[in-house]
Amino acid sequence: MADIVDRRQEATAWGVGPGGRTDLALALAILGLWALWTLWSYWNELPPDLSAIYVAGWFWQNGEPGLIYDAPPHFFGGTPPLWIGLVERIGGPEATAFPYIYPPLWAALVAPVTGWMDALEFSRAVYILHLALIIASVFVAAHLARPRQMPYWSWALLAVAALMLSTSAKSALDQNQPTITTTFLLLFCLDRLLSGKDRAAGLCLALAAALKVTPALFVVILILERRFRAVAAFAVAGGLLAGLSLLLCGIEAHWQFRDAVGRISDNGLISAVNLSLRTALYGIEALFDAVPAFDIEGRNVTIGGLPGWVGLALAMGAAMIAAGWLLRLRRLHEAARLPLSWLTIALIVPLFGPLGWQHYYLLPLFLLPCLITRLPAGLRWLAITAVLVSSALFTLLLTALMPWPTMGYVWIATAGWLVVLGLIPFARDDQNGRTTLPE
């Protein structure tokens, strides 16, 4: 018990690094300059993913909630047919909005905002919020895994390099994706757990799950860790949010949301932005004519009639790997075990789920230092290589020379993330044998 108390006390001590306040100020300046440059780059952009939330809010505000979950025939493929007129009106003839696939609560909450600001102003406001959350995430990740001898300004430089050169960060920023918010909430949830603030952790997890649903899977870790206060806080906050959603939106909107999620499972997208094993396996089957034909050389191909056994096999595989990995990590102390358990679920969800959007790998990107610093030297370089192969922009460019560019990239990138997942059981408390968080 004393060991746990000591580790939790150390977890709450947010030091400012070897250079003191100057070090911290320099790190903030580096991240601030990156944020300003990024904000300027996207200032006049109207990303299709975020536009979906604005459009859904507009329909709700203007008494047309039945149009919120409209989608193309195979769900993927651009602007929903019944949205085209509105999307062109708010963004111009070249504008696109992808289908809305969030719980109805957020359409209802955003609805009043559509009367206060136009779509571009909304996008700019959300970009400012998301850039602030990314900077906060960099510091949370530093608290989790920064080597004690590394100054904050070095950590900030590495973070900026990763944010500028990784496909996951680029995808999240290109789309102004709410995944940025859920990534911060999940990181902060982990940090609160390590600091012994279980109720705050449960609240963060409930908020993340209310936005994206799949974060609810992390509650499995809380149960295995016997963090029942966090579980209770998650259940209470989640129940209140669900009640608010039903009160504001009614039951019919939730059935429409359920049906939209079902359409995703029934269809697929062959694209470089979709790094899931289901996509990779479908491409391999296509080479042997084992599935309905599609253009394997295409860059964005929507497909239907996916074989049901693939989803079932992947779900069973995900459950077995999660159970095996989480049990294997029980040998580690809490400061290592919790971040690595978090990374396990963060990788399994996109790799084995119906979709593996590039931006889903933003959370694993922030958690990777927790693994790399705790691997033996040889495996550490294997992990770094796998990350570069799976997440660096240059891999996407190199695969343009392959016979099947999109499928080739999907195969390579999913293989890289699988290697990272496979290395998690080899981690130890850390490279110096410490059992506490970095100072």
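Excluded from the calculations below are hydrogen atoms, water molecules and symmetry mates; all remaining heavy atoms, backbone and side chain alike, are included.
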Mark yes or no for whether S245, through its side chain, and A242, through its backbone, hold a donor-acceptor pair below 3.5 Å. no
Which pairs of donor and acceptor atoms, one on a side chain in residues 127-135, lie under 3.5 Å apart (sequence neighbours left out)?
{"residue": "Y127", "atom": "OH", "partner": "L173", "partner atom": "O", "Å": "2.6"}
{"residue": "H130", "atom": "ND1", "partner": "N176", "partner atom": "OD1", "Å": "2.8"}
{"residue": "H130", "atom": "NE2", "partner": "T181", "partner atom": "OG1", "Å": "3.1"}

Parallel, tilted or perpendicular: ring planes of F76 versus W357, cut at 30 and 60 degrees: perpendicular
Taking R146 for its side chain and W155 for its backbone only, find out whether a donor-acceptor pair lies under 3.5 Å. no
Does any non-hydrogen side-chain atom of I348 lie less than 4.5 Å from one of L217? no
Show me, pair by pair, the donor-acceptor contacts under 3.5 angstrom made by side chains of residues 82-104, not counting sequence neighbours?
{"residue": "W83", "atom": "NE1", "partner": "L67", "partner atom": "O", "Å": "2.7"}
{"residue": "Y100", "atom": "OH", "partner": "P103", "partner atom": "O", "Å": "2.7"}
{"residue": "Y100", "atom": "OH", "partner": "A107", "partner atom": "N", "Å": "3.1"}
{"residue": "Y102", "atom": "OH", "partner": "Q177", "partner atom": "NE2", "Å": "3.1"}

Carefully, step by step, assess T179 and T182 under the rule side-chain contact (heavy atoms from CB on, under 4.5 Å). CA-CA 5 Å; T179 291; T182 59; 4.1 Å; yes
From the list T373, L371, I372, side-chain contact (heavy atoms from CB on, under 4.5 Å) partner of R380 resolves to I372
At their closest point, which heavy atom of A216 faces which heavy atom of A209, and how far apart are they? N-CB, 3.8 Å
For Y69 and A253 the tightest heavy-atom approach is CE1-O, 3.7 Å
From E121 atom CD to T114 atom OG1, the distance as rounded to the nearest 0.5 Å: 12.0 Å
Keeping Q256 on the side-chain end and G66 on the backbone end, is there a donor-acceptor pair under 3.5 Å? no
Look up atom CG in L340 and atom CG in L329, then write down how far apart they are to the nearest 0.5 Å. 5.5 Å
Does the side chain of L187 come within less than 4.5 Å of L144's, by heavy atoms? yes
Contact check, side chains of P339 and L194, non-hydrogen atoms, under 4.5 Å: yes
Check the pair V420 / W417 against side-chain contact (heavy atoms from CB on, under 4.5 Å), numbers first and verdict last. CA-CA 5 Å; V420 175; W417 285 117; 4.3 Å; yes
Between N274 and I270, is a side-chain contact (heavy atoms from CB on, under 4.5 Å) present by the stated rule, with each step listed? CA-CA 7 Å; N274 184 18; I270 306 297; over 6 Å; no
Interatomic spacing from OG in S341 to CG in L224 - rounded to 0.5 Å: 8.0 Å
Show your reasoning for whether side-chain contact (heavy atoms from CB on, under 4.5 Å) applies to L185 and L211. CA-CA 10 Å; L185 287 170; L211 185 59; 5.6 Å; no
Looking at F234, F218, W342, which hits side-chain contact (heavy atoms from CB on, under 4.5 Å) with C189? W342
Please report the closest heavy-atom contact between P215 and L186, naming both atoms and the distance. CB-CD2, 4.0 Å
Which heavy atom in F75 sits nearest to a heavy atom in A260, and how many Å separate them? CE1-O, 4.1 Å
Would the distance check show the side chain of S271 and the main-chain N or O of V273 forming a donor-acceptor pair, the cut-off being under 3.5 Å? yes
Are F352 and L421 packed together at the side-chain level, in the sense that at least one heavy-atom pair is separated by less than 4.5 angstrom? yes
State, with a plain yes or no, whether a side-chain heavy atom of L314 is found less than 4.5 Å away from one of L281. yes
If we only count heavy atoms from C-beta on, is the Y409 to T406 side-chain gap below 4.5 Å? no
I'd like to know if the side chain of W58 reaches the main chain of A119, judged simply by a donor and an acceptor atom lying under 3.5 Å from each other, with no hydrogens or angles considered. no
Does atom CZ (R330) have a neighbourhood of more than 12 heavy atoms from anything else shown, all under 6.0 Å? yes
Would you mind reporting whether L248 and L109 have side-chain heavy atoms less than 4.5 Å apart? yes
Check for a donor-acceptor pair, side chain of T279 on one end and backbone N or O of L275 on the other, with a separation under 3.5 Å. no
May I ask you to check whether over 12 heavy atoms, not counting those of R263, lie within 6.0 Å of atom CZ? yes
Is a donor on one side and an acceptor on the other found under 3.5 Å between the side chain of S123 and the backbone of P47? no
Counting N and O atoms only, with roles assigned by atom type, does the side chain of T414 sit under 3.5 Å from a partner on the main chain of W411, one being a donor and the other an acceptor? yes
Inter-residue atom distance Y360.OH - L355.CG, 0.5 Å rounding: 6.0 Å
Donor-acceptor contact present, side-chain R229 to main-chain R199, <3.5 Å: no
Taking all atoms of both residues into account, what is the closest heavy-atom pair of D429 and R374, and its distance? O-NE, 2.7 Å
Which atom of S166 lies closest to which atom of A162, heavy atoms considered: OG-O, 2.7 Å
Looking at Y42, I want to see if its OH is surrounded by more than 12 non-hydrogen atoms of other residues, nucleotides or ligands under 6.0 Å. yes
So OG1 of T167 and NE2 of H359: to nearest 0.5 Å the spacing works out to 11.5 Å
Heavy-atom side-chain proximity of L222 to L193 below 4.5 angstrom: yes
Can you tell me how far apart CG (L39) and CH2 (W43) are? Round to the nearest 0.5 Å. 5.0 Å
Atom CE of M117: over 12 foreign heavy atoms under 6.0 Å: yes
